[in-house]
Structure formats: C-alpha cells, structure tokens
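Within every chain, numbering begins at 1; the chains are lettered A, B, ... in the order of the sequence lines, protein sequences first and strands thereafter.
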Protein chains: 2
Amino acid sequence: MTRTKVKNMEEFAALCGISRPTVSKYFHDPESVRVHTRNRIEAALAEYDYRPNIFAMNQNRKLTKNVGIVVPYLADPFFAEIARNVEQRCIDAGYRPTLFSSHGDRDLEVDILDNLRSLKPAGVLLAALGRGSDRAAVDRFCEDVPTVLFDSNVEGAGLAFVGSDNPQFSFLMVDYLCRTGAPPTFFEMKNPSNPNANKRRQGYIAAMEQLGHEPAIVQVKGDGWEFEQIGRREGIAALNSGQFATNTVLCSNDRLAIGLISACYELGLKVGREDDAQIRIAGQDDHPFARFTCPPLTTVAQDYDSISRTAVEVLFRSIEGDVRDHERLLFEGKLVMRDSA
Amino acid sequence: MTRTKVKNMEEFAALCGISRPTVSKYFHDPESVRVHTRNRIEAALAEYDYRPNIFAMNQNRKLTKNVGIVVPYLADPFFAEIARNVEQRCIDAGYRPTLFSSHGDRDLEVDILDNLRSLKPAGVLLAALGRGSDRAAVDRFCEDVPTVLFDSNVEGAGLAFVGSDNPQFSFLMVDYLCRTGAPPTFFEMKNPSNPNANKRRQGYIAAMEQLGHEPAIVQVKGDGWEFEQIGRREGIAALNSGQFATNTVLCSNDRLAIGLISACYELGLKVGREDDAQIRIAGQDDHPFARFTCPPLTTVAQDYDSISRTAVEVLFRSIEGDVRDHERLLFEGKLVMRDSA
DNA sequence: ATATAAATTTTACGCGCGATAAGTTTTTAT
DNA sequence: ATAAAAACTTATCGCGCGTAAAATTTATAT
C-alpha cells in the first residue's frame, strides 16, 4: 500500500502498464476488459490512491452515471425513508444519486429540475409536488431527461409512474371499519397538494356506495405541507361543530390523522376501538410515526419496498434501452390494525 | 425571448458582443464587471438559454462553489428541517449545496466523505454520526476540506463546531420540573450515538446536585437510530419494573420521549401535569412532532435558526479567508411548556 | 497451423471552460 | 487635459478525460 497520490488517468495507466483508453474503458464498465487486464488495474487500484476526476469524466460523456432523486417534502419521514431506499438501490446499481427536496415549493421544484438538467443525469426519479407543480416545466423536463415518476403522478409525463393503488387503500379500510363498527366519515384537505388524495376520496366514495352507506366527507381548508398542524387545527374545529356524521373517521393520510388524534386529546375525546372510546380514527400510509401515536394508528401500509424497487428497476431498464409504453405500476396496501380504529 | 440553445460560452459571448474571458469573469462574480457589461450579459441571459457547463467549470477551478451538507439520519425530521434551513442559506449565498445522509451507518459516512472529496467542495457542513463515526476518517477529511461541524461535535476536528449548549438544556428543564413537581429521573440510551447525550446527562447530574437532589438515571440498551422504538420498548420494561425513582422523567431527547409516551399509553398510565396524571414526561430538542404527541410534549427547543445561520456564516467566512482558531459556538435552548410535564 | 474475431494499443482530436499575459480601450483621479 | 487605474480584448495554453479510427496484439475456432 504505497497510497501515492496519482494525478491523472495517464499516470495511473502507466503504473498499470496499460494504455489510458483501456483504463478509461475499465472505469466505464469493468466487465468490458479482459480478466487479465482487469486484475492488473484492480491491483494498481489497491496500491495507489487514484480516482478518476468526476468533472472531467462527465464533461464529455453523453450519458453520466448521475441519477437525480426529487421528493416534494423531505421533512416528511415517509419521503425520507423512500428516498433512502431508492438512493441505496441506485448506488448498488453503480450510479451516483443526488437527493433534492422541493420543500413544498413550486419555484424550488422548477429550480431543481433546471439544475438537474445541467447535471446531465442518466435518469431521474421524481416524486412531484402534484397540484403545486409547474405542469409545463415538469413536462418539458420529462421530454429531455428519462424520468420515472413515483408516489405522486403527473398524468402522462415521464417514462412510467410507480405508486400505490390508492382506491384500493380506501376500500380496504372502509371495509374494515364498516365490519367493525360505524361507517367512516372521510377527513381531508379541500385542496390537497397530492393527487393521491383525490384517488383516495374516490375510492372512499366507491367503497361506501358499494357497501350500501352514504359517503360523508369533511373537507377542511389549509395550504402547504404541514398536515399535522392542519389536521389538529381543523380537527378541533370540525369536532366542536359536530361535522363528523359518525364516530369513525378515515383520514386521507396518516399525517392528518396524527393531527386529528392530537385534536381529540385536546378536546378530551377518547380515541380507540374499546367500548368506552368515543371516536375511531384511521389513516393511510403507515407513516413511520404511526405506531407511536396514542393510541397507535390503524392504517393502510404503503408498499415502500416494492415501489422503490420497481421505480428504480423501470428507470434503469429504460436507460439501458428497454423502451416501452408509458406504464402505470400500482401496488396494493396492507391493512395495519392498531388500536385507534 | 428567443430561447435558442446556446452551445458554449464562446457562442454566448459572441451573442453578447463581449469577449469570453469577460463573460467568464461575470459568472465567477457578477460584481466584477462594469455595469454596462453586466447589463448586456444579463439582457442576453434573459433572451437566450445559456448556462455554463457545470463540469467544465469545476474542472479547472481551484475552488468550486459546491458545498456538502451531511447529516447522520435524514429520516429524523429534525435533521431534515435543519438541512433544509442550511441548504437554503447556501443557495442564497450563491453556492451549490448537495445533501447527504449517513443513515446511521459508519461505512456510508466514510463513503460520503470520500465522494465529497472528489466534488472538490468549497466547504462542508457536517453533522457527524458521533460515536458511530470513523474518527480517523473524519479527521483526515477535515484536514483536506474546510469543514464546519454542527449539531454533533467531533472534538478538535474541523474549523468550528456549532451546536446547542446541551448542559444548559438539561439545567433549564430540571429546574422547571423541580419547581413544579417531583425531581426528574433521566431516561437515556446506554450507548448513545450522539455526543450531545453525554453533555445532557452531565448537565442533568450537575443541575440535580445544585438543586439538592439525588440524580437518578435509567439507561436502557438499544442500538441504532430508531429512538422511538427503543423509547417505547425499553420504556415499557422500565415502567413495569418500577425503575423510575419519581413520577417525573426527563428524556435525553424528544424521540425517546415520544416512545416513552407511547409506552405509557400502552400501560394505561396517564401522562401530564394534571392532578390525576400519573407521570410527567419531558423531552429535549423540540422535535417537529413534539407538539402532536398526546399530551403535547414539554421540551427544550433547539435554536435551529441560530445554529444553521451561524454554521453557514462561519463556513463562508473561513472560505473567504477569515481564518481563526477552532471555535465552539453554542446556543441556548428555550423552555417549551406543553402538557406532558 | 491458419483464419477469424475480439481485445487492446496507438494516435489524434475535442469538450467547455479556467487562467494568464500582453495589448487596447475606457474610466477615474488629479 | 493628462496620467494612472481599471476593465476589456485577443491569443494561447492546459485541465483530465471521452471518443473514434486505425494498427496491432491476443484469444478462439477450425
């Protein structure tokens, strides 16, 4: 282990006793050189401290090994988790992921896409803001850069969409709630940032009708991504004015549910499925914090793992030339029964 | 708005009617060229679609405008929030931040630092894993790259450390708890990943002694960064075996407290400061979710804003040549009284 | 052993910009 | 108005690597 600093590929190639273009080829794809050659390079790599200059590499390559990962709101642990998952898969596939968060801000999302362009990424995994997105900007971006959308769909854009089968989520939970007690009222934001919310509402309505109940929806105002805050504030208002038709509430997502549970506590309402409980609350997502609410939140778990795995797979497949029609890949959720409903 | 694609700086300079070196100078620092020149460039910039090639730019520059931001665990909303804050400040200062999370993994942290090196960053803002860090690797990195540590200190490394005055946090809370009820027992992990935990324990002990009470500490086992899980699981065990000396518990951090509140719920213990409550629980950090626990968590708020602002300021000061001795900049916390204690 | 294909080397050029030096123009100060 | 300073232009080189074509070596098959 000499660990001498090697200035450039020229010098490193000389140390290997191999020509620079071959070494270059090795770094592009180690499998593309003869075993003997590969061994010599890897021996030298172990002995000397050399790494190709990343800027020079990317300058002329038509396709870099960069991958952009964009999520709408990183302060939401759900996105942090899925980003982490996706990130690791990219690394394992030999790519260089870079993580961006739009922080719920339309302009920032556009800026990120602009910056991403200049990174000449091989591909991008984009969970868009949804309603908050600049539709035209997203479309333009998807035309220029191979992009797989996940979690939050932008109709027609990108190579594919990978996400959850949201109507199924609602159906699953409505069915469960109806079997075990009163049919649920749906609790959501009036102008949800996320398109999944609409699918969930539709799923709720369909499920209720199919089971012979009258759908009841409480839509509250509130902008931005501070869902817990909105769930709490508007939850207090809704509870005080008796807006919930029954003693059972299905929230559009877990973060709203967390806020609503907090609202119930504030008002002294006992949440749960015991006989003495006054209200049942269920969420959707299986947010990382859902198991720590009081009571722990009954919810529908997103299939994190399948979504992230599939999103990455689809992206790399099309990067490597397997082009096919725009796909919509939806994964079912699983009922997670805890104590809140 | 012609929005014609411009290939390179040469071409763009021609469109401006200005020489390339001057345009280059403009991009390096817009203030460095005459007003008249600046206006012409900016007019052309508005008309044509040109952005300097980022790879070519960084290739020869001694110092890039890249800034690395490294946090230990992005799935913790606290780090997501502070990262966001820091990120924005870097952008405002004209730098290009890139966000990395070590995901609680020692090897990943080392990898990140290695990759960061090849980005030739102007500076790095590093919240290290702490006990989980490869001390030697961090030291080596800090010698090569201007680095400001934040949140989690690595003694002696880097240009400066910016964080919280942890003993003060504990003191503040111990004092409050003692004034309003029984003196607290300290609840923490036996081998905390984060060095702040040790300072907080020491602060707790000092505060208790100063106020004439006997310190009582419950140390639970558990590795990793899933603090809520640990707080819940070990909290149940500790409560069942009566390990808490008094009816008041000060947790080393909010995430443990969230787990402990969940444990109390599980065991049917009423948490709060009302007369009929059986246990008081307090945290430290003012985690984004602390206000939504049931009851809402009494805690000590970290001064997010000062910490992120100062960390960025110190880094840019030293990048721009204002070198000074290794500084330790600590910010005080503020008591946030909610209902849990 | 010979033919053929595959892998490698040589040679040569280009990418887009940073940096510098020498010469020219413009601005600012006196 | 004149000199000095500042800003700009022109010219040229270099960074570290990608890439392509042609020449050469090596491996594989007949």
K.L.:
Kindly indicate whether the side chain of A:Phe78, heavy atoms from C-beta on, has any atom under 4.5 Å from the side chain of A:Asp151.
P.N.:
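Contact flag for A:Phe78/A:Asp151 side chains = yes.
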K.L.:
Which heavy atom of A:Thr64 sits nearest a heavy atom of A:Pro121, and at what distance?
P.N.:
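For A:Thr64 and A:Pro121, the tightest heavy-atom pair comes out as OG1-CA, 3.7 Å.
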K.L.:
In this structure, how many angstroms lie between the P atom of D:dG18 and the CZ atom of A:Phe55, rounded?
P.N.:
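Interatomic distance, CZ of A:Phe55 to P of D:dG18: 14 Å.
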K.L.:
With a 4.0 Å cut-off on N to O distance, would you call B:Arg89 and B:Asp305 a salt bridge?
P.N.:
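Yes.
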K.L.:
Please state how far atom CG in B:Asn53 lies from atom P in D:dG16, giving the value in whole angstrom units.
P.N.:
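Those two atoms, CG and P, are 16 Å apart.
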K.L.:
Do the ring centers of A:Phe12 and A:Tyr50 come within less than 6.0 Å of each other?
P.N.:
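Ring centroids of A:Phe12 and A:Tyr50 are less than 6.0 Å from each other.
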K.L.:
In the structure I gave you, are the side-chain heavy atoms of A:Glu155 and A:Arg328 within less than 4.5 Å of one another anywhere?
P.N.:
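A:Glu155 vs A:Arg328: side chains touch.
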K.L.:
What integer distance in Å separates A:Arg51:CZ from D:dC17:C1'?
P.N.:
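Between C1' of D:dC17 and CZ of A:Arg51: 16 Å.
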K.L.:
Could you list where the contact with chain A starts and ends along DNA chain C, reading 5' to 3', using a 4.0 Å heavy-atom cut-off?
P.N.:
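With heavy atoms of chain A under 4.0 Å away, the range is C:dA7 to C:dG16.
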K.L.:
Identify, between A:Arg61 and B:Ala56, the residue whose nearest nucleotide on DNA chain D lies closer to the 5' end.
P.N.:
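That would be B:Ala56.
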K.L.:
With a cut-off of less than 4.0 Å, is there a side-chain N or O of A:Tyr50 near OP1 or OP2 of D:dG16?
P.N.:
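A:Tyr50 to D:dG16 OP1/OP2: no side-chain N or O under 4.0 Å.
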K.L.:
Test for a donor-acceptor pair under 3.5 Å between the base of D:dC17 and the side chain of A:Asn60, counting only N and O atoms.
P.N.:
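By the distance-only test, yes, there is a pair.
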K.L.:
Is a donor from one side chain sitting under 3.5 angstrom from an acceptor on the other, for B:Glu42 and B:Tyr26?
P.N.:
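Yes - a donor-acceptor pair under 3.5 Å links their side chains.
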K.L.:
Just how far, in rounded Å, is C1' of D:dC17 from CD of A:Glu11?
P.N.:
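Distance check: A:Glu11 CD to D:dC17 C1' gives 14 Å.
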K.L.:
Hey, can you pull the residues of residues 18-44 of chain A with a non-hydrogen atom under 4.0 angstrom from DNA chain C?
P.N.:
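Heavy-atom cutoff 4.0 Å gives A:Ile18, A:Ser19, A:Arg20, A:Pro21, A:Thr22, A:Ser32, A:Val33, A:Arg34, A:Thr37.
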K.L.:
Ignoring hydrogens, what is the shortest heavy-atom contact between A:Ser133 and A:Val138? Give both atom names and the distance.
P.N.:
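In this case the closest contact between A:Ser133 and A:Val138 is CB-CG2, 4.2 Å.
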K.L.:
Can you measure A:Asn58 atom CG to D:dT19 atom C1' for me and round it to whole angstrom units?
P.N.:
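To the nearest whole Å, that distance equals 15 Å.
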K.L.:
Do B:Ser306 and B:Asp303 get their side chains close enough for a donor-acceptor pair, meaning under 3.5 Å?
P.N.:
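Looking only at side-chain atoms, B:Asp303 and B:Ser306 do form a donor-acceptor pair, the distance falling under 3.5 Å.
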K.L.:
State plainly whether the residues A:Asp139 and A:Arg135 are in salt-bridge range, i.e. N to O under 4.0 Å.
P.N.:
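Yes, this pair counts.
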